[in-house]
Amino acid sequence: MKFPKTTLILVLLALGLGGFVYFHEIRSATQQEEVKAKQQQIFTFAEDDVQSLTVKTKAYTLMLERNSQGSNPKWLLKYPVSDSANDAIVSYLMDLLVKGKSDRIISTSANQLTEFGLAQPNATVEIKLKNQQTHQLILGKSNFNNRFVYAQADSATQPNGNINVLLVSTDFVNAVNRELSEWRQTVDNSKSTPLPTNLPLPTPTNTK
């Protein structure tokens with residue numbers, strides 16, 4: 001059966017328009033997903049950007065620094081003692097910091113932070129980048145069903161005076177709530193010395 005020329009043109013136009021709308025909608029949906037993923041991302045730095053980490057829990061404070069010599073181990077324990085760090089333990093925390101996302105963001109006033117366990121946090125991770133920029137992740141208490149943990153990331157106050165509280169994975173708690181000795185790379189545990197927990201923190205050096 002032979003279609004009139006005008007009918008064939010209309011069919012081709014309809015197919016072309018349909019294809020344009022279809023691909024436009026797919027592209028728009030993809031862009032929306034990318035925007036949402038960026039909004040959920042806790043931090044935007046890469047693992048190689050990080051120079052040092054300071055982990056503070058209610059039990060201890062430890063400082064970790066990337067090995068500048070470029071040989072194993074990748075991380076060094078600088079405080080409370082100088083030693084090789086457990087790369088697997090540090091890499092687990094680093095992976096969460098780089099790839100971690102927030103499930104939800106709650107805008108709240110500063111005087112309500114106590115309700116989320118953030119006024120006196122369970123743990124704080126301070127991140128220093130190679131370009132001297134710093135970031136901070138504060139971990140509070142778990143939510144009602146223990147699926148997530150309330151947290152603050154670079155807790156800047158919003159123009160309306162509120163602070164963003166994030167719901168993050170409980171993996172962050174697992175990453176920092178460890179025995180102090182776990183952070184240390186030890187070949188023979190029988191020959192290792194206990195890590196002190198009551199040393200004074202090193203005094204920051206002012207640089208000009």
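Numbers here are sequence positions counted from 1.
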Provide the closest heavy-atom pair for Leu166 versus Ser102 in the form atom of the first, atom of the second, distance.
CB-CB, 3.9 Å
Would you call Arg184 and Asp83 a salt bridge, using N to O less than 4.0 angstrom?
yes
Heavy-atom pair with the smallest gap, counting every atom of Lys74 and Ser91:
NZ-OG, 3.9 Å
Quick one, Asn122 with Lys141, criterion side-chain hydrogen bond (donor to acceptor under 3.5 Å, both in side chains). Give me CA distance, side-chain angles, the key distance, then yes/no.
CA-CA 7 Å; Asn122 289 317; Lys141 65 181 183 181; over 6 Å; no
Side-chain contact test, heavy atoms from C-beta onward, threshold under 4.5 Å: evaluate it for Ile127 versus Val125 and give yes or no.
yes
Strictly distance-based, threshold 3.5 Å: is any side-chain N or O of Asp103 a donor or acceptor partner for the main-chain N or O of Val168?
no
Got a second to check how far Trp75's CH2 is from Leu77's CG, nearest 0.5 Å?
12.0 Å
Under the rule for side chain to side chain donor-acceptor pair (under 3.5 Å), what residues qualify as partners of Asn143, not counting sequence neighbours?
Asn145
Ignoring hydrogens and angles, tell me if any N or O in the side chain of Lys130 forms a donor-acceptor pair with the backbone of Asp48 under 3.5 Å.
yes
Could you state the interatomic distance from CG (Asp87) to CG (Asn67), rounded to the nearest 0.5 Å?
8.5 Å
By side-chain contact (heavy atoms from CB on, under 4.5 Å) - contacts of Asn131 (at least two apart):
Leu129, Gln133
Locate the shortest heavy-atom distance separating Val98 from Ala46; write the atom from each residue and the value.
CG2-C, 4.1 Å
Output, in order, the C-alpha distance, side-chain angles, deciding distance and verdict of side chain to side chain contact (heavy atoms under 4.5 Å, CB included) for Arg178 and Val176.
CA-CA 6 Å; Arg178 300 179 178 277; Val176 299; over 6 Å; no
Are Tyr92 and Leu76 in one and the same hydrophobic cluster, where Ile, Leu, Val, Met, Phe, Trp and Tyr link if side-chain heavy atoms are under 4.5 Å apart?
no
Tell me, please, which residues at least two apart from Gln132 pass side-chain contact (heavy atoms from CB on, under 4.5 Å).
Lys128
Using the side chain to side chain contact (heavy atoms under 4.5 Å, CB included) rule, take Gln152 and Leu137 through it: C-alpha gap first, then chi angles, then the decisive distance, then the call.
CA-CA 6 Å; Gln152 282 179 269; Leu137 181 68; over 6 Å; no
Answer yes if Leu62 and Val90 sit in the same cluster of Ile, Leu, Val, Met, Phe, Trp and Tyr residues linked by side chain heavy atoms under 4.5 Å apart, and no otherwise.
yes
Thr57 side-chain N/O to Tyr60 backbone N/O, donor-acceptor pair under 3.5 Å
yes
Under 3.5 Å, which donor-acceptor pairs do the side chains of residues 111-119 form with other protein atoms, sequence neighbours left out?
residue	atom	partner	partner atom	Å
Asn111	OD1	Ser109	OG	2.5
Gln112	OE1	Thr108	OG1	2.6
Gln112	OE1	Ser109	OG	3.2

Between the NZ atom in Lys58 and the OG1 atom in Thr124, the distance rounded to the nearest 0.5 Å is 10.5 Å
Could you check whether any side-chain heavy atom of Arg66 comes within less than 4.5 Å of a side-chain heavy atom of Val50, counting everything from C-beta outward?
yes
When rounded to the nearest 0.5 angstrom, what distance separates CG in Asn164 from OG in Ser107?
5.5 Å
Using the test ring-ring contact (aromatic ring centres under 6.0 Å, His included), find all partners of Phe45 that sit at least two apart in sequence or belong to another chain.
Phe43, His135
Candidate list Leu180, Thr54, Val55, test side chain to side chain contact (heavy atoms under 4.5 Å, CB included), partner Thr61, passing option
Thr54
In chain order, what residues pass the side chain to side chain donor-acceptor pair (under 3.5 Å) check against Asp95, with sequence neighbours excluded?
Lys99
If you round to the nearest 0.5 Å, how far is CZ of Arg147 from OG of Ser169?
10.0 Å
Could you measure the distance from the CG atom of Asn86 to the CH2 atom of Trp183? Nearest 0.5 Å is fine.
9.0 Å
Please step through side chain to side chain contact (heavy atoms under 4.5 Å, CB included) for the pair Phe172 and Asn177, ending with a clear verdict.
CA-CA 9 Å; Phe172 282 97; Asn177 281 351; over 6 Å; no
